[in-house]
Amino acid sequence: MAKKQFKTESKRLLDLMVNSIYTNREIFLRELISNASDALDKRHYLSITDDTQRISKDDLTIELSIDKENRRLIITDTGIGMTSEELENNLGTIAHSGSLEFKKKLEEGKDVEIIGQFGVGFYSAFMIAKMITVNSKSCKEDQAYKWESTGDDGYTISLSDKFTAGTEIILTLKDNTDTENYDEYLETYTLKQLIKKYSDYVRYPIGMMVETTHKKDDSDEYETVMEHQIINSMIPLWKRNKKDVSEEEYNDFYRSKFFAFDEPAKTLHYSLEGNISYNALLYIPTKAPYNFYSSEYEPGLQLYCKGVFIMDKAKDLLPSYFRFVKGLVDSNDLNLNISREILQQDRQMKTMAKSIEKKIRGGLEDLLKNNREKYEEFFQSFGLQLKYGVYEDFGAHKETLQNLILFKSSFEDKYVTLKEYAERMKENQDLIYYACGQSIEQINLLPQMERLKDKGYEVLYFLDDVDEFATLSLQEFEGKKFKSIAQGDLNLDTEEEKQEIEKKKEENKDLLSMMKETLHETVSDVRISSRLKSHPVCLVSDEGVSLEMEKILSQNPEGSNIKASRILEINPNHPIFTTLQKLKDTDESTLKMYTSILYNQALLIEGLSIDNPVEYANQICDLMSKMN
Ligand code: ADP
């Protein structure tokens, strides 16, 4: 029989797994039992929805047996089983992202101790087995198949005579060496401990023949007999009393059930009675999965009805801005026979989704208030999603989210909430100032920043593309409007200063209009600036589309002709201004050249490109030559 080769990715992972001197190798049992439990979930669901597949709940079981003589450990389930194609597809490739992430970490040479955090699946059994044989019969087929592999050299698939539906996994343990001993996995005592530790909450009985000692009838003597025992308590974690569940148990469940590899930033475990009753166990992650911001990421909560698994990713239970939440809900009120399509329309689902949203929001607010450090860690991963949420649906969710978003600010290099900003605004300040840019350093160099800092105003740094769009949806916070420091009137001046500017504007009317004429189509106005201190010029835009938005929109073909109206502002206190005043009466053509240079400089400072860089370079060179 021809051997099939593992897919390359899988081969690499297997090598790593087989050869890892990994202290936590015991997790293989957790992984195999969790696969068996999933297969039983699927069988149970099928039994409820398909009359030809009925099976009594009592017959859904997991069984462990030991064959000491042949050094074998056997794990059998009466689950959904696998067809030969499924055996090939599921066990010949890496099935899920957890494995890939795990492999990456191993290759990066990360601490092997963290391996226990990954859902590494079926392959982990090669840490203790020199050969794995899988006999499986799918519910949907009459023929059973056998998959077999020694891990290093491909696998074979052949016919099997297994006659009941389900899967039997036979692990032939590795031989003991001077340093490694695998015998413990042939001891009921060890296996019992492991089941208790990792799989106690599995909702199907995990049975095993266990040696027990009894007192003989009518005598003081003891005898040892083999007895069939159910090892796990079968109470799912989410049905247990909150105070009886340790943080470690919650976290372990999170990682093994949802293929997570971080610690949750917050765990929400609650039950609700009312219009609709349900239990929920929700996790707010700390770190974003590598594919979170791509369409590959599948959001959703696991859905159970009366303890029966219904579906893996019920995405209607989570609003898109909380799509990072992982977890499950178990409701007694949903109809078990409900089809998956109808489920989406279900009124009860909507009610549940609403209350879940409230809980998550409450959880996040609580985290922000009571564990700022954790919250900021969470925000670094998922803040972008929250800010998109503010903007999404024309700002429909801004009330929910506005207190959850953070920005870095010019006061300290720290995150602030909008509330914190509002609370420490200056007495007469009525605007929330922000500045857009690629980095804090770049924003600090903006000519406009200087005066704001001088006047003691706090400026929020908008570093993500979405930030300004989000404030566009918000419009204001607690009655204070948002204001870009590069747009419109900043309202920084005292009455006196305002009058001063007016006067200068009047005196230099001709100069300003000559400059405007020089720049004709490119700017909508040339103005005396009140926002500059030591810099000569800056480019600002009027209310409406900002220069920053123009940059972002221009990346999108549909937005490429949306332009901000540009205004060139000149600092009347800068020496260049005096030069310009003089040129107006003496040398009009040099005035024109200077105007064009200043405009191009303003564009460059803003991070925008200039229309004719060659001309600009030549002009500067001319000036430099004249100096000598
Ligand atoms: P994961 O369980 O994380 O998807 P595994 O490598 O552990 O990854 O398993 C791959 C796939 O093989 C599973 O998704 C499942 O479809 C199938 N599988 C594994 N064990 C069983 C089993 N006992 N019964 C039925 N299918 C199984």
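Keep in mind that this is a model prediction, so the values were computed, not measured. Each ligand, and each atom within it, is numbered from 1 in the order the structure gives.
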*Arg323 to Phe382, cation-pi by 6.0 Å centre distance and 45° axis angle*: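 No, Arg323 does not sit over the ring of Phe382.
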*With the threshold set at 4.0 Å, does a side-chain nitrogen-carboxylate oxygen contact exist between Glu180 and Lys174?*
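Salt bridge: no.
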*Glu263 bridged to Lys374 by N-O distance under 4.0 Å*: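 Lys374 and Glu263: not salt-bridged.
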_Nearest non-hydrogen contact with atom 17 (C) of ligand 1 belongs to which option: Asn89, Asn90, Leu91?_
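Looking at heavy atoms only, Asn90 sits closest to atom 17 (C) of ligand 1.
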*Identity of the nearest option to atom 23 (N) of ligand 1, non-hydrogen atoms only, from Thr78, Asp77, Leu87*: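 Of the listed residues, Asp77 has the closest heavy atom.
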*Close N or O approach (Tyr123, ligand 1; < 3.5 Å)*: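 Min N/O separation from ligand 1 is not below 3.5 Å for Tyr123.
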_Polar atom proximity, Asp38 to ligand 1 (N or O, under 3.5 Å)_ =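 It does not: no N or O of Asp38 is found under 3.5 Å from an N or O of ligand 1.
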*Is the backbone of Tyr250 close enough, under 3.5 Å, to the side chain of Tyr283 for a donor and an acceptor to pair up by distance?*
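Yes.
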*Of all the heavy atoms in Met82, does at least one lie under 4.0 Å from an atom in ligand 1?*
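Distance cut 4.0 Å: Met82 passes for ligand 1.
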*asked:* Would you say the rings of Tyr45 and Tyr304 are close, in the sense that their centroids are separated by under 6.0 Å?
replied: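 Between Tyr45 and Tyr304, which both carry aromatic rings, the centre distance is not below 6.0 Å.
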*Report the part of Thr167 in contact with ligand 1, treating N, CA, C, O as backbone and CB onward as side chain, heavy atoms under 4.0 Å; options are side chain, backbone, both, neither.*
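Just the side chain.
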*Please walk me through it: do Lys68 and Glu187 pass salt bridge (charged side-chain N to carboxylate O under 4.0 Å, His left out)?*
CA-CA 9 Å; Lys68 275 197 179 167; Glu187 298 301 331; 3.6 Å; yes
*Would you mind running through ligand 1 and noting each atom that sits below 4.0 Å from a heavy atom of Phe122?*
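Atoms satisfying the 4.0 Å criterion: 5 (P), 6 (O), 7 (O).
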